[in-house]
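Structure first, then comments.
Labels below follow one simple rule: chain letters A, B, ... track the order of the sequence lines, proteins then strands, and each chain is numbered from 1.
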Protein chains: 2
Amino acid sequence: MKPILDLQKQLLPDLLDVMRKRYEILRHLQLMQPVGRRSLASALGTTERILRGEVDFLKEQGLVRTDPVGMSLTMQGDTLVADMEPLIKELFGFTDLEKQLARMLNLQKVIVVPGDSDRSDWVKKEMGKAGARLLKQLAHPRQVVAVAGGTTVASVAQMMTATAGLRETTFVPARGGLGETVELEANYIASLMAQKSGGKYRLMHVPDQLSDEAYHTLIREPHIQEMLEILRSARIVVHGVGDAQTMAKRRKSSPDLLEKLKEKGAVGEAFGYYFNAEGEIVHRGHSIGLSLEDLQSVETIIAVAGGSSKAKAVAAVGPVARPDILITDEAAARTILLDLATANTP
Amino acid sequence: MKPILDLQKQLLPDLLDVMRKRYEILRHLQLMQPVGRRSLASALGTTERILRGEVDFLKEQGLVRTDPVGMSLTMQGDTLVADMEPLIKELFGFTDLEKQLARMLNLQKVIVVPGDSDRSDWVKKEMGKAGARLLKQLAHPRQVVAVAGGTTVASVAQMMTATAGLRETTFVPARGGLGETVELEANYIASLMAQKSGGKYRLMHVPDQLSDEAYHTLIREPHIQEMLEILRSARIVVHGVGDAQTMAKRRKSSPDLLEKLKEKGAVGEAFGYYFNAEGEIVHRGHSIGLSLEDLQSVETIIAVAGGSSKAKAVAAVGPVARPDILITDEAAARTILLDLATANTP
DNA sequence: TTCCTCCGGGACAAATTATGTCCCATGTAG
DNA sequence: CTACATGGGACATAATTTGTCCCGGAGGAA
């Protein structure tokens, strides 16, 4: 990633989005010219009015010209598209990466955003944006969306915007409290998503440290039962993937547990379960909520995780949690591919 | 110039403006910290509320921190300002150039925009934007702004946006018709400025080729007198500077005049007057309107002209028209400085 | 020729966002 | 103590964006 963009992204987080949007318009225009607003809008998957705004702007900039037969690029616009092509390819050309990853991890779809969330803060927001967009696309009437905790899922919530399609959606926490900071707790995230998107939400208030007895008593409570019912009807699950050590520490786990995890080679974590590099469950957090088995009946499982430091965790969790869609960043994507390649050629 | 910035300037000039605005805030903050909203807002020449919006954003980004004593930069904000300095300088930073030019031409203020309007079309727009911004800043209740013709002043008009401060402003043409294309005529430009800014305008319809007799008759007409009255009350004058030959040709002047101008060494032109390299008037166009003498009583004279081809003209017009503020482009600025330097060391 | 389709641009209401303008509790300096 | 400047809350209003029409006209097909 170019350092200039890194700086600019801090002051203009949606710089790349706007850039890509406008580039896409020019590019489509180049291929379809001369073309009218309506057909171009539908080709770009946007509305007529919004395209019109952009085209007016591009016209001001002298990149686009309009005739009675339709719109076309000016010479300046033509050279701009040509000049931008390598840059855009570098920034957004992750199609290959996405396809490779999808094949190797056996997923339905992979979305890669530019950057490395370990190094730049805005990359997480970028993943959040991608996640929010995805949820908007997948929106279904009266659906239930279960969300797990963690910073990455939190950033998806942060990036959601009001959409008509999500107004009838109920957001629920996938699991009860796991002893995290409140902003990273599934409960809080579910409510945030609902608030931002204009949907509904249900909370599940259960303590995070439970004796077996308390657990069994609690799970019989009618309102808990009701929540679990709702939870199992979830059509979509969104969860993050954590590094095992980091997650255990964040949850203030006992030194015993930390030791045990290390011993068993835990590398990844996803909504309360810890996995080793082979994708075997080595520990599960004591918490009420969606279990791995419940995931079978879920229509779409979305995993969101980035940063090269999480590459191993993502690769380990993949085979177990079986996400259908993975949203990650460039750094993680490349690292995973590299790891898989070296593993296959020992 | 980094190629990526060049592309961005074409595709997202609006965003770059936002970027500069935010950078300015950070920069001021760095120098004044800790500081409150109100004093910072007045230092930046913006309103409290609008600054507040930006600061909220910058706080989100973790660049700014607020304490009860005021706002200050975080460490991240500090390093960002440092890192961005060269970038901003490259994009907008012609402060040195501006100061040098202001000193050498003895002007109150010089604004330099990047590029060369001879080579890139968007540079003229950039000057226009600078001019429009300036007018907005200088806005005064119930003021009169007189504008001359020409492509550069036209681009100022083009770039103006609706502003409350300009609602009570009356735009008037500085001089009557001078035989130019309608889009470049002062009349049209005055009306365009009014339309874009939401202000008022008055037009002056006088033919451009007049016999002495007709001139003297016309000038006694009540409505012409009234216009001249208004014109002389102008607080601000905006004019362009033209290359003498080009202007004469554009106005379809007679071969005689062309010859005469060449003979007398005319290099520059400003609202109807032609100057030689020494800044002496060698010819004045026959047209009713603001004369050079009238300029004495004007509060602010703004000259807008760019392109290295106009460097000589600008330098020649400067001493006579005595603009207070000059808006030009990088190419013209550098050429003028170079010319002055070589002239002083023969 | 006539009809038909698609073009850009105008218009306008609704929704959303930005902005101006207060006020207030609080911390700080004198 | 007083006096003042601070950030943040609240809220009406202005401004902008967006969705959704319509229209006259150019171009192509019959």
Open item on the list: Could you tell me how far apart B/Phe57 (CZ) and C/dA18 (P) are, to the nearest whole angstrom?
Closed with: 12 Å
Task: 5' precedence on DNA chain D between B/Asp56 and A/Arg38 (nearest-nucleotide basis) - done: B/Asp56
- [ ] Specify the separation, in whole Å, of atom CG of B/Asp67 and atom P of C/dA29.
- [x] 13 Å
Open item on the list: So for A/Arg37 and C/dG9, does any side-chain atom that can act as donor or acceptor lie under 3.5 Å from a complementary atom in the base?
Closed with: yes
Open item on the list: Measure CD/A/Glu54 against C1'/D/dT17 and give the value in whole Å, please.
Closed with: 11 Å
TODO: Specify the separation, in whole Å, of atom NZ of A/Lys21 and atom P of D/dT17.
DONE: 11 Å
- [ ] Check whether the side chain of A/Arg52 and the base of D/dG19 form a donor-acceptor pair under 3.5 Å.
- [x] no
Task: Nearest-angstrom distance from the residue atom CE of A/Met71 to C1' of C/dC6 - done: 12 Å
- [ ] Calculate the interatomic distance between B/Arg49 atom CZ and D/dA15 atom P; express it in whole Å.
- [x] 16 Å
Open item on the list: Any salt bridge linking B/Lys9 with B/Glu126? Criterion: basic side-chain nitrogen under 4.0 Å from a carboxylate oxygen.
Closed with: no
Task: OP1 or OP2 of D/dT6 under 4.0 Å from side-chain N/O of B/Ser39 - done: yes
Open item on the list: Against the six-membered ring of B/Phe57, is B/Arg22 placed for a cation-pi contact (under 6.0 Å from the centre, within 45° of the normal)?
Closed with: yes
- [ ] Provide, to the nearest angstrom, the distance between the CG atom belonging to B/Leu51 and the P atom belonging to C/dA18.
- [x] 15 Å
Open item on the list: With rounding to the nearest 0.5 angstrom, report the CZ to CD distance, A/Arg142 to A/Glu168.
Closed with: 6.0 Å
Task: Side-chain N or O of B/Thr66 closer than 4.0 Å to phosphate OP1/OP2 of D/dG8 - done: yes
Task: Electrostatic pair A/Lys129:A/Asp17 at N-O distance under 4.0 angstrom - done: yes
Open item on the list: Would you say B/Thr47 places a side-chain N or O within less than 4.0 Å of OP1 or OP2 belonging to C/dG20?
Closed with: yes
Task: From B/Thr74 atom OG1 to B/Arg65 atom CZ, the distance as rounded to the nearest 0.5 Å - done: 6.5 Å
- [ ] Consider the side chain of B/Ile50, meaning its heavy atoms from C-beta on, and name the nucleotide among D/dG19, C/dT19, D/dA26 that approaches it most closely.
- [x] C/dT19
- [ ] Measure from NZ on A/Lys196 to P on C/dT17 and round the result to the nearest Å.
- [x] 11 Å
